[in-house]
Structure formats: structure tokens, C-alpha cells
A.B. asks: 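Quick one: the structure is below, and I'll ask about it shortly.
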Amino acid sequence: MAPVTRLTAMVPPQVCAAALGWAWPEGVDSQVRGIDEGSRALGLAWCCAPTPDEVADADAVTAGLVATPGALPVLGVVRGPLAASAMHGLAGSADDLDDRLDDASDAAVDRIRVLSDCGVGRIAVVEDGGPPPVGDDDAAESHRPLLNAAAHLRIDLVLVAGGLDGVESLGYGQWASGRGCSAGLGFLPAEAFDSAAVLDHWLDRVRAAAGDPGEVLTAPLATGVVPDVVRHGARALAQMAVRP
């Protein structure tokens, strides 16, 4: 019987290559192979589509991953509007904040459409900042266009929100956060991958909170994360799933 519990780690593409002992390659075909084979070498349930900040031709690499026979399913990654708008600072009038939030929401919807065109069927919306500078109603309103676009395109969305309170109010059917998760999901922060010993501690917390979750998602991991630590997490979760 295949393991029930699986690790969905948002690893940068360079970590996938490092898991194979490669330097990050040039060329779309080699980058597709590096992410595909590296994700499987790490023991992951999904391979992550690279973002435009990570590779020169992210959309071509993503389409190549989707089209690769026998490859892992592809998880798209989109920065949520709250985190994206906060990147530009919190200063300014209420109207300035509203405008930045609207622009960030529009940009996230555009990225969802691009990923859909590449053939991606599931996307993680990442809200990795602190408390938003707007109220709960405005925060929920900023996510509504993402949910509407995903419903129209028949894409599954999962919210990954490290430090937000009240993530349920944003309207997602699936969410994973440091403050709680929807049924069947667990969450690991980036700092959990500092070492295998630290990761074991966090895995104990996941099991205490959720029993044996069907899927454990991580916050986006840094390029310096050690592949063996990620492998350790995948193995530990697989063992957890088959443990009587």
C-alpha cells in the first residue's frame, strides 16, 4: 500500500538540481529534467513550477513539466495579494494601501491564468508575511478574484499562510498555516528544515495537531536548504503514514 502522508515542499528549482548533484543547468529541457528528477529524488508528492524570479523562462519550464510523461503532478505557486502588497511598504494613505492591494490581487489573477495556460491544475497561494495592514473584510475581498478565477478555470487552490490569523475567513476550501490547517493538511515552516533534528521536532508537532495528515505543505524554502533534510522529512512522513 502506498504511503498516505506525503510532503509537498515548495523548494526552489536549484534545490532539486542539488538533490541530483547537479549545478543548475542552462536550457529549458535540462531545467525541466532537473526539477522533475530532483523532486522525485527528494521524495516529494508534487514538483513546484518555478516562478519568474527563479528562472529565465518559467512558463516554458512549467509547460515542459506538465507535458513530461510519468512526471510528478505540478504545483503552481502564486504570491498572495496581502504579501505582495506588503513588499512595497506599509506607509501611505488608506487609498494607497487599497490601490496596492487591488494591483497585487490583479497580478495574482494574471499569474493564475498563465499557469492554467501552461496546464497546471493546482496552485498554492502563498501569504508569507505578517498580519495584513487591512481589515478582515478587505483581506477577504483581495482574495475573492483569485477564487473566482480558479473556479472559472477549474483550478484547485490551496492557501499556504505562515503567520496569518483567521485564514478560514479568506474563503479557501483548503489551507495550511502555522495557526491551523483544514482537514487532512499539515504545515511546516521554513525554519523546520534547518536540520534533521529540528525537523523531527516540527514533525512531532504536526502529528500532535493533525494526527496523520494526508498531505503536509511547507512554506517556501530557501535555496540553501539541504536536500538530505528534505529527504528526511519525506521519509519520516511516509513512515508515519504506514505506522500502525
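The basis for the numbers below is simple: all heavy atoms, side chains too, and nothing from hydrogens, waters or symmetry mates. Index from 1, following the sequence.
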A.B. asks: Is there a donor-acceptor pair under 3.5 Å between the side chain of Ser85 and the backbone N or O of Pro81?
C.D. replies: yes
A.B. asks: Would you check, one step at a time, whether the test side chain to side chain contact (heavy atoms under 4.5 Å, CB included) holds for Glu127 with Trp175?
C.D. replies: CA-CA 11 Å; Glu127 290 287 13; Trp175 69 90; over 6 Å; no
A.B. asks: For Ile112 and Ile155, work out which heavy atoms get closest and say how close.
C.D. replies: O-CD1, 4.1 Å
A.B. asks: How far does NE2 of His152 sit from CG of Leu147, to the nearest 0.5 angstrom?
C.D. replies: 14.5 Å
A.B. asks: Check Arg100 with Asp103, please: is the shortest side-chain N to carboxylate O separation under 4.0 Å?
C.D. replies: no
A.B. asks: Between Leu199 and Phe193, does the side chain to side chain contact (heavy atoms under 4.5 Å, CB included) criterion hold? Intermediate values first, please.
C.D. replies: CA-CA 6 Å; Leu199 182 54; Phe193 292 83; 4.0 Å; yes
A.B. asks: Would a single hydrophobic cluster contain both Val74 and Leu72, if residues Ile, Leu, Val, Met, Phe, Trp and Tyr are joined by side-chain heavy-atom contacts under 4.5 Å?
C.D. replies: no
A.B. asks: Side-chain contact test, heavy atoms from C-beta onward, threshold under 4.5 Å: evaluate it for Trp46 versus Ser39 and give yes or no.
C.D. replies: no
A.B. asks: For residues Thr62 and Ala49, report the shortest heavy-atom separation together with the two atoms involved.
C.D. replies: OG1-CB, 3.4 Å
A.B. asks: Check for me, please, whether Val28 and Leu65 land in the same ILVMFWY cluster - side-chain distances under 4.5 Å, paths through other members count.
C.D. replies: yes
A.B. asks: If only atom types and distance count, is the side chain of Glu54 paired as donor or acceptor with the main-chain N or O of Thr51 below 3.5 Å?
C.D. replies: yes
A.B. asks: Considering all heavy atoms of both residues, which atom of Ala17 and which atom of Ala23 are nearest to each other, and what is their separation?
C.D. replies: CB-O, 4.2 Å
A.B. asks: Can you tell me if Thr68 uses its side chain to pair, donor with acceptor, with the backbone of Ala71 under 3.5 Å?
C.D. replies: no
A.B. asks: With the threshold set at 4.0 Å, does a side-chain nitrogen-carboxylate oxygen contact exist between Asp29 and Arg33?
C.D. replies: no
A.B. asks: Do Thr8 and Glu215 have side-chain atoms, one donor and one acceptor, less than 3.5 Å apart?
C.D. replies: yes
A.B. asks: For residues Pro50 and Ile35, determine if any side-chain heavy atom of one lies less than 4.5 Å from a side-chain heavy atom of the other.
C.D. replies: yes
A.B. asks: Are the side chain of Arg122 and the backbone of Pro73 linked by a donor-acceptor contact shorter than 3.5 Å?
C.D. replies: no
A.B. asks: What pair of heavy atoms forms the shortest contact from Pro145 to Ser105, and how long is it?
C.D. replies: CG-OG, 3.5 Å
A.B. asks: Taking NZ, NE, NH1 and NH2 as the nitrogens, is one of them in Arg111 or Asp59 under 4.0 Å from a carboxylate oxygen of the other?
C.D. replies: yes
A.B. asks: To the nearest 0.5 Å, how far apart are CG in Leu203 and CG in Leu237?
C.D. replies: 5.0 Å
A.B. asks: So how far is it from Cys47 SG to Leu75 CG, rounded to the nearest 0.5 Å?
C.D. replies: 8.5 Å
A.B. asks: Is there a side-chain contact between Val216 and Leu188, using heavy atoms and a 4.5 Å cut-off?
C.D. replies: yes
A.B. asks: State, yes or no, whether a side-chain contact exists between Val167 and Arg179 at a heavy-atom distance under 4.5 Å.
C.D. replies: no
A.B. asks: To the closest 0.5 Å, what do you measure between CG (Leu7) and NE2 (His232)?
C.D. replies: 11.0 Å
A.B. asks: Between Val61 and Trp22, is there a shared hydrophobic cluster once you connect ILVMFWY residues whose side-chain heavy atoms come closer than 4.5 Å?
C.D. replies: no
A.B. asks: Measuring from Gln14:CD to Gln31:CD, what's the distance to the nearest 0.5 Å?
C.D. replies: 8.5 Å
A.B. asks: What do the steps show when you test Cys16 against Val11 for side chain to side chain contact (heavy atoms under 4.5 Å, CB included), and what is the final call?
C.D. replies: CA-CA 7 Å; Cys16 296; Val11 295; 3.7 Å; yes
A.B. asks: Should Leu101 and Val109 be counted in the same cluster of Ile, Leu, Val, Met, Phe, Trp and Tyr side chains packed under 4.5 Å apart?
C.D. replies: yes
A.B. asks: With sequence neighbours excluded, what pairs up with His143 under the ring-ring contact (aromatic ring centres under 6.0 Å, His included) test?
C.D. replies: Tyr172
A.B. asks: When hydrophobic residues are tied together by side-chain contacts of less than 4.5 Å, even through go-betweens, does Leu153 share a cluster with Val120?
C.D. replies: yes
A.B. asks: Side chain of Thr218, backbone of Met10: donor and acceptor closer than 3.5 Å?
C.D. replies: yes
A.B. asks: List the steps and the verdict of side chain to side chain contact (heavy atoms under 4.5 Å, CB included) for Val78 and Val126.
C.D. replies: CA-CA 6 Å; Val78 171; Val126 179; over 6 Å; no
A.B. asks: Assess whether atom CG of Asp204 is packed by more than 12 heavy atoms of other residues, nucleotides or ligands within 6.0 Å.
C.D. replies: yes
A.B. asks: Does the Ser142 side chain pair with the main chain of Ala139, one donor and one acceptor, at a distance under 3.5 Å?
C.D. replies: yes
A.B. asks: So which atom in Leu221 and which in Ala9 form the shortest heavy-atom distance, rounded to 0.1 Å?
C.D. replies: CD1-CB, 4.3 Å
A.B. asks: Flag the pair Val125 / Leu146 as yes when at least one side-chain heavy-atom distance between them is below 4.5 Å, and no otherwise.
C.D. replies: yes
A.B. asks: In a check of side-chain contact (heavy atoms from CB on, under 4.5 Å) between Pro13 and each of Val55, Thr223, Val32, which one passes?
C.D. replies: Val55
A.B. asks: Ignoring hydrogens, what is the shortest heavy-atom contact between Ala222 and Val15? Give both atom names and the distance.
C.D. replies: O-CG2, 3.8 Å
A.B. asks: Please round to the nearest 0.5 Å and tell me the distance separating atom CG of Leu20 and atom CZ of Arg40.
C.D. replies: 9.0 Å
